Q: 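Sharing a structure with you now.
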Amino acid sequence: MTTRRQNRRTILRLFGAAGLALPHGTLAERRVRAEGGVAKRIIFLYHPDGVVGPSQNGEPSLWHATGNGTSFSLGSLQAPLAPHKDDCVFFRGLSMGGTDSGSHPGGAKKLLTATDYGNAVSIDQVLASTVGAGAPFRHLYLGAHANVNAASGDKHISYVAPGQSVAPEDDPRKAFDLLFGAAPSEPTPTEPTGPDPVKVSVIDGVLAEMNATRAKLGDVEKAKLDIHLDSLREVEKRIKEGTPGGPGGATCDEPTLDTTGVSDATLTDPTFFPDVLRAQMDLTVLAMACGLTKVGVIQASQHTSELIMSRFPNTEMFDPGFDMRSHQASHYGPAHDFQKKEFDAFAKQNKWWMQQLAYLLGKLDELPEEDGTMLDHSIVVSVTEVCDGNTHYHDDMPFIVAGGAGGRISTGRLIDTGGRRHADLWIALAQAMGHSIDSFGDASGGALPGLLT
């Protein structure tokens with residue numbers, strides 16, 4: 001099934017095909033290398049229940065990267081990120097502080113607020129009200145099974161006021177209609193604010209660069225590039241001449257979204273969770289490509305998750321004879337023992353979450369933008385509420401930052417933070433987005449050293 005406004009051809013697919021099929025090396029040559037830029041957008045991607053970190057028996061983490069600086073190796077459970085290793089920054093020693101350490105709810109409250117007990121506005125909402133204020137939608141908060149079992153309060157990670165979280169939209173069909181259909185009549189956390197939006201095109205400026213590149217190519221490669229230039233010119237024409245379809249008059253002609261597998265009956269069925277999450281990631285990229293928002297949060301499930309991941313079809317976790325929930329698997333015991341069903345399942349779950357992160361990075365990297373791709377101008381942050389799923393500690397947090405942030409972040413590195421608080425990471429990312437702050441959260445020490453160019 002395809003959720004659509006006009007026809008079945010998606011602008012996302014057009015952009016992706018054009019970007020992937022360019023002559024080898026063309027996009028790589030246009031990678032952003034300049035220092036001191038500003039990121040155009042930020043996406044927080046949450047997954048529940050931590051990772052396989054250091055065991056209680058003293059065994060080293062199977063998830064965290066090892067080494068230092070540009071000389072490092074991915075953890076075995078980070079293997080799906082290998083194609084994007086140079087697009088990422090990994091961390092050791094990043095701490096959320098001692099308050100409620102050992103607690104899933106305590107970690108979820110501190111996660112984006114960097115404040116004990118969630119007693120502050122979260123960093124995503126701060127950015128939405130500052131650098132994102134001029135976008136048609138200041139803030140986009142999408143979920144997959146984030147509201148099951150009447151979830152509220154500390155089950156959600158975005159805070160609009162001290163102690164007050166808001167709920168994401170779990171249905172990608174409704175989210176699509178909100179973004180590309182009629183504007184809502186009642187104010188919501190994602191209500192358009194700020195100045196009237198203008199028509200946007202993610203390929204404005206790219207055609208000129210491609211034409212310049214064409215002059216340097218041989219006849220065969222030139223002929224191949226001509227095909228893609230024609231496709232891009234057609235997409236650009238559709239965008240600029242398209243009728244208003246988004247709230248506030250923002251346009252992105254004929255937007256569609258693949259919602260195969262998503263229905264009222266399947267929306268909370270774990271078998272279809274991968275389809276729901278994939279649709280929410282696609283929708284976030286589409287909304288940002290169309291200039292509808294700069295700040296997004298995608299919450300996959302919720303802490304102490306009851307998500308039965310052994311029902312995910314076509315994955316190595318699939319085991320129809322044994323229901324294995326995320327939280328259940330995370331309590332694997334004191335040792336890294338693959339013979340134990342819980343540990344084996346949790347390790348596979350960790351890898352699956354990294355596959356989803358890799359998918360999101362890949363979608364951003366398919367779309368040409370200025371002198372690179374959307375990924376070069378974006379920040380993607382992978383987060384969870386505890387470190388090791390069995391101990392629930394709030395130290396050595398398994399966060400990942402990806403994307404070039406318009407040249408503001410130097411990627412392909414492992415940073416040893418020396419125990420710095422994660423508030424310092426949020427300060428650095430806010431600065432990379434163009435928001436000049438020097439403090440955030442309960443115990444910040446300024447922007448995290450070594451992250452920004």
Side-chain angles (χ1 to χ4, degrees), residues 44-56 61 63-64 77 90-125 141 143 145-149 151-160 162-168 297-307 325-332 346 349-350 353-354 357 381-401 417 419-427 429 440-444 448:
F44 294 89
L45 177 63
Y46 166 88
H47 70 89
D49 299 327
V51 300
V52 179
S55 77
Q56 291 171 270
S61 172
W63 189 91
H64 290 83
L77 303 184
F90 303 86
F91 304 94
R92 292 307 303 258
L94 203 61
S95 173
M96 294 203 301
T99 301
D100 277 351
S101 184
S103 160
H104 285 279
K109 291 175 183 178
K110 291 189 289 186
L111 184 58
L112 297 185
T113 66
T115 304
D116 295 344
Y117 314 113
N119 194 30
V121 176
S122 55
I123 189 64
D124 57 305
Q125 294 287 351
Y141 188 15
H145 288 219
N147 295 303
V148 295
N149 302 320
S152 62
D154 62 44
K155 290 288 188 177
H156 299 140
I157 61 174
S158 184
Y159 283 72
V160 294
Q164 182 184 342
S165 64
V166 291
V297 178
I298 305 171
Q299 180 173 337
S301 193
Q302 55 194 230
H303 72 69
T304 54
S305 174
E306 293 298 303
L307 180 62
R325 291 163 171 79
S326 170
H327 187 227
Q328 173 191 0
S330 73
H331 285 274
Y332 58 80
F346 193 52
Q349 289 174 11
N350 282 188
W353 291 122
M354 292 303 99
L357 174 59
V381 195
S382 174
V383 296
T384 185
E385 80 279 0
V386 295
C387 178
D388 182 82
N390 189 59
T391 62
H392 306 161
Y393 292 150
H394 296 173
D395 296 321
D396 211 1
M397 292 302 295
F399 298 167
I400 299 171
V401 171
T417 70
R420 292 285 288 256
R421 294 290 289 269
H422 79 299
D424 300 351
L425 174 59
W426 299 158
I427 294 170
L429 296 184
F440 183 77
D442 279 342
S444 60
L448 184 70

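Since we're looking at a predicted model, the values are computed, not measured.
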Q: Quick one: side chain to side chain contact (heavy atoms under 4.5 Å, CB included) partners of K155, sequence neighbours excluded?
A: A151, Q302, H303, T304

Q: Please check if any side-chain donor atom of Y141 sits under 3.5 Å from a side-chain acceptor atom of Q299, or the reverse.
A: yes

Q: Who pairs with D388 by salt bridge (charged side-chain N to carboxylate O under 4.0 Å, His left out), at least two apart in sequence or on another chain?
A: none

Q: Who passes side chain to side chain donor-acceptor pair (under 3.5 Å) against N350, sequence neighbours left out?
A: none

Q: Report the residues that fulfil side chain to side chain donor-acceptor pair (under 3.5 Å) with S326, sequence neighbours left out, ordered by chain and then residue number.
A: D49

Q: Considering residues at least two apart in sequence or located in another chain, which fulfil the side chain to side chain contact (heavy atoms under 4.5 Å, CB included) criterion with A329?
A: M324, A345, F346, Q349

Q: Using side chain to side chain contact (heavy atoms under 4.5 Å, CB included) as the criterion, list what pairs up with T99, not counting sequence neighbours.
A: K110, D116, Y117

Q: Could you give the distance from OG (S158) to CD1 (I123), rounded to the nearest 0.5 Å?
A: 11.0 Å

Q: Please lay out, stage by stage, how Y159 and L112 fare under the test side chain to side chain contact (heavy atoms under 4.5 Å, CB included).
A: CA-CA 8 Å; Y159 283 72; L112 297 185; over 6 Å; no

Q: Report the C-alpha distance between V383 and L111 in whole Å, list the side-chain angles of each, state the deciding distance to 0.1 Å, and finish with yes or no for side chain to side chain contact (heavy atoms under 4.5 Å, CB included).
A: CA-CA 8 Å; V383 296; L111 184 58; 3.9 Å; yes

Q: Excluding sequence neighbours, so at least two apart, what forms ring pair (Phe, Tyr, Trp, His ring centres under 6.0 Å) with F90?
A: F72

Q: Go through the structure and list residues passing side chain to side chain contact (heavy atoms under 4.5 Å, CB included) with T417, not counting sequence neighbours.
A: F91, L94, I415, R420, L448

Q: Applying ring pair (Phe, Tyr, Trp, His ring centres under 6.0 Å), name anything that partners H104, two or more places apart in sequence or on another chain.
A: H327, H392

Q: Mind checking ring pair (Phe, Tyr, Trp, His ring centres under 6.0 Å) for H422 and listing every partner two or more places apart, or none if nothing turns up?
A: W426

Q: Taking salt bridge (charged side-chain N to carboxylate O under 4.0 Å, His left out) as the definition, give me every residue that meets it alongside D396, ordered by chain and number, with sequence neighbours left out.
A: R92

Q: Taking only residues two or more places apart in sequence or in another chain, which ones pass side chain to side chain donor-acceptor pair (under 3.5 Å) with T115?
A: none

Q: N149 and E306: side-chain donor and acceptor closer than 3.5 Å?
A: no

